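Encoded as structure tokens, the structure appears first; notes follow it.
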Amino acid sequence: MAYWLMKSEPDEVSFDDVLAAPSKTVAWFGVRNYQARNFMRDQMKAGDGVLFYHSSCAVPGVAGVAEVASGPYPDASQFDPKSHYYDPKASEEQPRWISVDVKAVEEGSYLPLSEMRTMPELEDMVLLQKGSRLSITPVTAAQWKAVLKRMRAGG
DNA sequence: GCCAACGTTGGC
DNA sequence: GCCAACGTTGGC
């Protein structure tokens, strides 16, 4: 079982939005970076752990715990000319972009980025490396454990 | 709004 | 295949 951190702008999809969705599950769409796509396509499995991260907001940080809830499938928004995520080079026959379903599991207490930077267990986390801006990054079992411990302990 | 860092594009 | 120009990300 693998662990991931996935970034979402809460103005687009917040962790609360996922909690409120039917079956607490949403399609993760709009990834337009090959490295992040390849993680979804080649490595993600249903049941993998997901840290749901809020980016580009007042207090960026991990908002909740989720899990991968499907295998990879074509991202529908790439085919929709009206979508912000439309890709004219993608076709139904040859899709370029991938979605997976993500299911909210546990809310916990919000873990701000500023606090993550103070946690020694997270020193090597991909998210925290200089210049790192991938929207999907791997998380080690030790990092996962440290984050969950902190989120369950409360602020 | 700024800007560092990174990814993509396209001319050559 | 190189690399300059451009676009995007995302914290601050």
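Bear in mind the structure is a predicted one, so any value in this text is a computation, not a measurement. Proteins get letters first, then strands, A, B, ... in listed order; numbering begins at 1 in each.
Look at CG on A:Asn33: it is 13 Å from P on B:dC6, rounded to the nearest Å. What separates CG of A:Asn38 from C1' of B:dG7 is a distance of 14 Å, to the nearest Å. Atom pair A:Tyr34:OH and B:dG7:P shows a separation of 13 Å (rounding to whole Å applied). Rounded to an integer number of Å, the gap from CD of A:Gln129 to P of C:dG11 is 15 Å. Atom CD in A:Glu9 sits roughly 7 Å away from atom P in C:dT9 (whole-Å rounding). Spacing between atom NE2 of A:His84 and atom C1' of C:dG7 amounts to 12 Å, rounded to whole angstrom units. The CG-C1' distance, from A:Leu5 to C:dT9, rounds to 15 Å in whole Å. What separates CZ of A:Arg117 from P of C:dG11 is a distance of 8 Å, to the nearest Å.
Residue A:Arg133 places a side-chain atom within donor-acceptor reach of the base of C:dT8, judged by atom type and a 3.5 Å distance cut-off alone.
The side chain of A:Ser56 lies closest to C:dG10, out of C:dC12, B:dT9, C:dG10. Here C:dG11 is the nucleotide among C:dG11, C:dG10, B:dG10 with the atom lying nearest to any side-chain atom of A:Tyr53. The side chain of A:Ser55 lies closest to C:dG10 when the candidates are B:dG7, C:dG10, B:dG10. Each of C:dC12, C:dG10, B:dA4 was ranked by its minimum atom distance to the side chain of A:Lys130; first place goes to B:dA4. The A:Lys7 side chain lies nearest to C:dG10 when the options are C:dG10, B:dG7, C:dG11.
For the residue pair A:Asp17 and A:Glu12, the shortest heavy atom distance occurs at OD2-O, 4.0 Å. When all heavy atoms of A:Phe15 and A:His54 are compared, the pair lying nearest together is N-NE2, 3.0 Å.
Partner A:Trp97 forms a ring pair (Phe, Tyr, Trp, His ring centres under 6.0 Å) with one of A:Phe29, A:Tyr85, A:Tyr34 and no other, that one being A:Tyr34.
A:Glu121 has no carboxylate O lying under 4.0 Å from a charged side-chain N of A:Lys145, or vice versa, which leaves the two without a salt bridge. Classification of A:Arg152 and A:Glu106 as a salt-bridged pair holds, one side-chain N sitting under 4.0 Å from a carboxylate O.
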